[in-house]
There are 2 protein chains.
Amino acid sequence: MSALTNAIEILHCFSSARPDLSFADVMALTGKPKSSTSRLLRALRDCGLLEQDPHTRRYRPGLLTFELGRLHRAHDDLISMAERELREVCARTGHTGYIAVLDGCEQVVLRIVPGSNPLRVVNPPGQRTPALATSNGRAMLARLSDADIRARVPATYPKLPRNSPQNFKQLMTRLDEIRRTGISEAADESIEGVGSQGFALKSGETGEMIGIAVSYSVQATTAAERANVRRELAAMAAKLRRLTGDQLDQVVTRVQAGTR
Amino acid sequence: MSALTNAIEILHCFSSARPDLSFADVMALTGKPKSSTSRLLRALRDCGLLEQDPHTRRYRPGLLTFELGRLHRAHDDLISMAERELREVCARTGHTGYIAVLDGCEQVVLRIVPGSNPLRVVNPPGQRTPALATSNGRAMLARLSDADIRARVPATYPKLPRNSPQNFKQLMTRLDEIRRTGISEAADESIEGVGSQGFALKSGETGEMIGIAVSYSVQATTAAERANVRRELAAMAAKLRRLTGDQLDQVVTRVQAGTR
DNA sequence: CCAGGCGGTTCCAAAATTCGGAACCATGTC
DNA sequence: GACATGGTTCCGAATTTTGGAACCGCCTGG
C-alpha cells in the first residue's frame, strides 16, 4: 500500500458528517497503527492537504484543497451550460435545482440553484449521497451498461429508504423505466417529504456525464405541478442534448475515477 | 523523496494561471522522467485528486479536491465572523472586501464580498498573490516576528510592482508603520489603479490569522473617501479584536503549513 | 501529587515501494 | 511513411515505508 493510497484513505475519512477529525478518530477509521498515523498526518499537514486546529488539535482539510477545489470549478463547459438552463427552469417553477456527478455508486453535488419556494437547500455542493436513492443518481446509473452497474453496486445491496429500490432487481426495473422515459423520479427517499425529478446528460464530445434534477416538497406540490416539472425537464433535456451532442442510446463505458 | 511529496509537487503545478496541464507540462514543471510522471499522474487520477479530460487528455484538479475544498469552508468561526462585519462595511462604502490567509510569503483569497461600485471583482477565492504587494498581505506579515519574516521572504528579494517595497529594508519600514497604525495601505501595486486598505486579525483562542481588506479604484475615490474607509476599518478591527480576543502586541509564532 | 489518557514523536530492522532508463506502442499529423 | 505526442511496461537497484515499542509533555480526575 503506497504512501499516496494511505493519504487518500485519510482524506476520504472527511465528509460533511465529519468535517474534522481527531488523531484517535483517524486511527480508528483507518485502523492504522499510531506511528504510521502520526507520520502521515504530519506529512499531510506539512504539505497543506490538511490543517490542524491549534486549539482543539483536530485535523481538517487544508488550504491546498481549498485552492484546488476552486480550480476544479474551472472545468466548466458542460456544467455551466447546464447550470444556465437549470437556472431558468428553477426561476419559472420556483423549485431547487441540482447538478451532480457520479462517483462509483455515490453522487456528489456540484452546483445548486436555490428556488424561491420555502423548501430550503438541503444538499450543499460537495455533499455525497448514495446514487441509488436519488433521482439524478439513478438517471446517471441508467446510462451505464448493465455490467458497469453491477460492478458499481456493492456485493451486499445496501439498506436504503423505504421508497428506494430494495434490491438489485427492483433497481434494474427502475433503471429500465428511466431508459424508456428519459426522466427519473424520486419521492420520500433520502429525505422524507422531498421529491425530485432528474435526468442524465452526457457530453458527446468529452463523454463526461452529469445529473440534473429539480427538487420539491411532495406535500406542497400538486400532481399537475409535478407534471409541469416533468415537461420543463424534458424540454431542458432535449435542448441540452442538442447543444452538447448527447446521443442518448450510447452507453457510457468509462467514467473517471469512479471505481470506489 | 516520498510518493506524497511528488504528488504534492504535481498538485502545486496547478494555479489560476494554469488550471489544467498536459502530460508534457507536468514533466517540464516537475523535471521528472516520463515513467515516474506517468505512474504518478495515473495514481492521482485514480484516487480522484486529478481528473483527465477524455478529449484533450489534459489533467485538472479532481472531484476529491472539490469535495475537500468545500469542507475546508466549514472551518469557520473566525472567518465567518469577520465576513459578517466586512459585509456591513462593504454595504456602507460600496467597495469590495477580501478575506485572505498567509501561506509562506503569499496570500490566498478565502472570501470576497462584492461591492456595489463599478470596480469589478479581480481576485476570486483561491487566488494566490505575493503577500508583499498587497495591503492585507503586509498587514499579516507585520504581525510576525522579524525572524519569521526574514525566513519567509525569499533570499533574493522578488521583483515587485513600482509602489511596493523594493527591498527588505523598505519592506520593514512599511511593516513598522503598519505595526504603529494598525492599518495597512496599498495603491497601484498588484493591479494598476487599484488601492486597498487592510488589517490582520488573529484569534486569541486558536492563534490563526486572517487578513481583511477593502479594495477600491484609486481614480474613482477622493482622499476623504479613503479616510472614511480607514475609519470604517479601524472600527471593524476594534470590534473584531474584542470579539476574538486578539492581542495586538502578541507576535504570531507558528502559522500552519506556511513554510513554502 | 500521582496515575492515566491523549496526542504525539523517535528508533530500528524488515518489507515494500519507488525510481528511472529503455524499449515499446497507439494515434494523429505533416 | 516518418515523426511527435502521450503514454505504458519492465526490471534491478535504491529508497521509503512500516509497525512495534519505548518515551514524552500536557491535562485531568482522584
Side-chain angles (χ1 to χ4, degrees), chain A residues 1-14 18-47 49-62 75 204-208 253-257 259, chain B residues 1-14 18-47 49-62 75 204-208 253-257 259:
Chain A
M1 182 174 263
S2 77
L4 188 61
T5 316
N6 284 316
I8 294 301
E9 195 184 352
I10 289 188
L11 292 181
H12 270 127
C13 293
F14 294 90
R18 280 196 232 98
D20 61 349
L21 297 172
S22 70
F23 185 93
D25 291 339
V26 176
M27 258 184 69
L29 287 165
T30 61
K32 288 262 176 288
K34 218 154 65 136
S35 55
S36 307
T37 306
S38 170
R39 263 185 319 238
L40 211 35
L41 281 176
R42 176 146 42 98
L44 288 171
R45 163 154 52 83
D46 289 349
C47 76
L49 241 26
L50 291 185
E51 287 174 1
Q52 189 175 20
D53 187 303
H55 188 59
T56 66
R57 322 227 68 197
R58 293 172 74 82
Y59 297 86
R60 53 176 139 83
H75 131 55
E205 195 175 355
T206 68
E208 52 182 344
T253 47
R254 193 180 65 103
V255 171
Q256 295 279 327
T259 321
Chain B
M1 183 173 262
S2 76
L4 188 59
T5 317
N6 284 316
I8 294 303
E9 195 183 353
I10 289 188
L11 292 181
H12 270 129
C13 293
F14 294 89
R18 281 195 233 97
D20 62 349
L21 298 171
S22 69
F23 184 95
D25 290 339
V26 176
M27 258 184 70
L29 287 165
T30 61
K32 288 263 176 289
K34 219 156 62 135
S35 55
S36 307
T37 307
S38 171
R39 259 187 320 237
L40 212 35
L41 281 176
R42 177 148 40 100
L44 289 170
R45 164 155 50 84
D46 288 349
C47 76
L49 242 24
L50 291 184
E51 286 174 0
Q52 189 175 19
D53 187 303
H55 188 59
T56 67
R57 322 228 69 197
R58 295 174 72 81
Y59 297 86
R60 54 176 137 82
H75 132 55
E205 195 175 353
T206 69
E208 53 181 344
T253 47
R254 192 180 66 102
V255 171
Q256 293 279 326
T259 324

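In what follows, every heavy atom counts, from backbone to side chain, and hydrogens, waters and symmetry copies are set aside. Chain letters run A, B, ... following the sequence lines, proteins first, then strands; residues in each count from 1.
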task: Please work out if B:Ser36 contacts a base, only the sugar-phosphate, or nothing of the nucleic acid, heavy-atom cut-off 4.0 Å.
output: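 Base contact.
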
query: What nucleotide among D:dG7, D:dT8, D:dT17 has an atom nearest to a side-chain atom of A:Ala3?
result: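 Among D:dG7, D:dT8, D:dT17, the one nearest the side chain of A:Ala3 is D:dT17.
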
message: What is the first contacted nucleotide of DNA chain C and what is the last, in 5' to 3' order, if contact means an atom lying under 4.0 angstrom from a heavy atom of chain B?
response: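 So the contact region on DNA chain C extends C:dC19 to C:dA22.
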
- request: Output the residues of residues 20-35 of chain A in contact with DNA chain C, where contact means a heavy atom of the residue under 4.0 Å from an atom of the strand; sort by number or write none.
  value: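 Within residues 20-35 of chain A, the residues near DNA chain C are A:Phe23, A:Ala24, A:Lys34, A:Ser35.
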
Not counting sequence neighbours, which residues clear side chain to side chain contact (heavy atoms under 4.5 Å, CB included) with [X]? List them please.
{"X": "B:Thr5", "result": "B:Met1, B:Ser2"}
{"X": "B:Ser38", "result": "B:Phe23"}
{"X": "B:Ser22", "result": "B:Ala24, B:Asp25, B:Arg58"}
{"X": "B:Arg60", "result": "A:His75, A:Glu208, B:Asp20, B:Glu51, B:Asp53"}

task: Sorted by first residue and then second, give each salt bridge (Lys or Arg N to Asp or Glu O under 4.0 Å) pair with at least one member in residues 3-14 of chain B; sequence neighbours left out.
output: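 Qualifying pairs, neighbours excluded: none.
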
Rounded to 10 degrees, the angle between the two terminal axes of the helix from C:dC1-D:dG30 to C:dC30-D:dG1, each from five pairs: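 Here the helix ends are tilted 40° relative to one another.
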
- request: Only counting residues at least two apart or in another chain, list the ones meeting salt bridge (Lys or Arg N to Asp or Glu O under 4.0 Å) with A:Arg18.
  value: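 By the salt bridge (Lys or Arg N to Asp or Glu O under 4.0 Å) rule, A:Arg18 matches no residue at all.
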
message: Taking salt bridge (Lys or Arg N to Asp or Glu O under 4.0 Å) as the definition, give me every residue that meets it alongside A:Arg42, ordered by chain and number, with sequence neighbours left out.
response: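 Partners of A:Arg42 by the salt bridge (Lys or Arg N to Asp or Glu O under 4.0 Å) criterion come out as none, since no residue qualifies.
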
- prompt: Do the side chain of B:Arg39 and the base of D:dG7 come within less than 3.5 angstrom through a donor-acceptor pair of N or O atoms?
  reply: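 By the distance-only test, no, there is no pair.
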
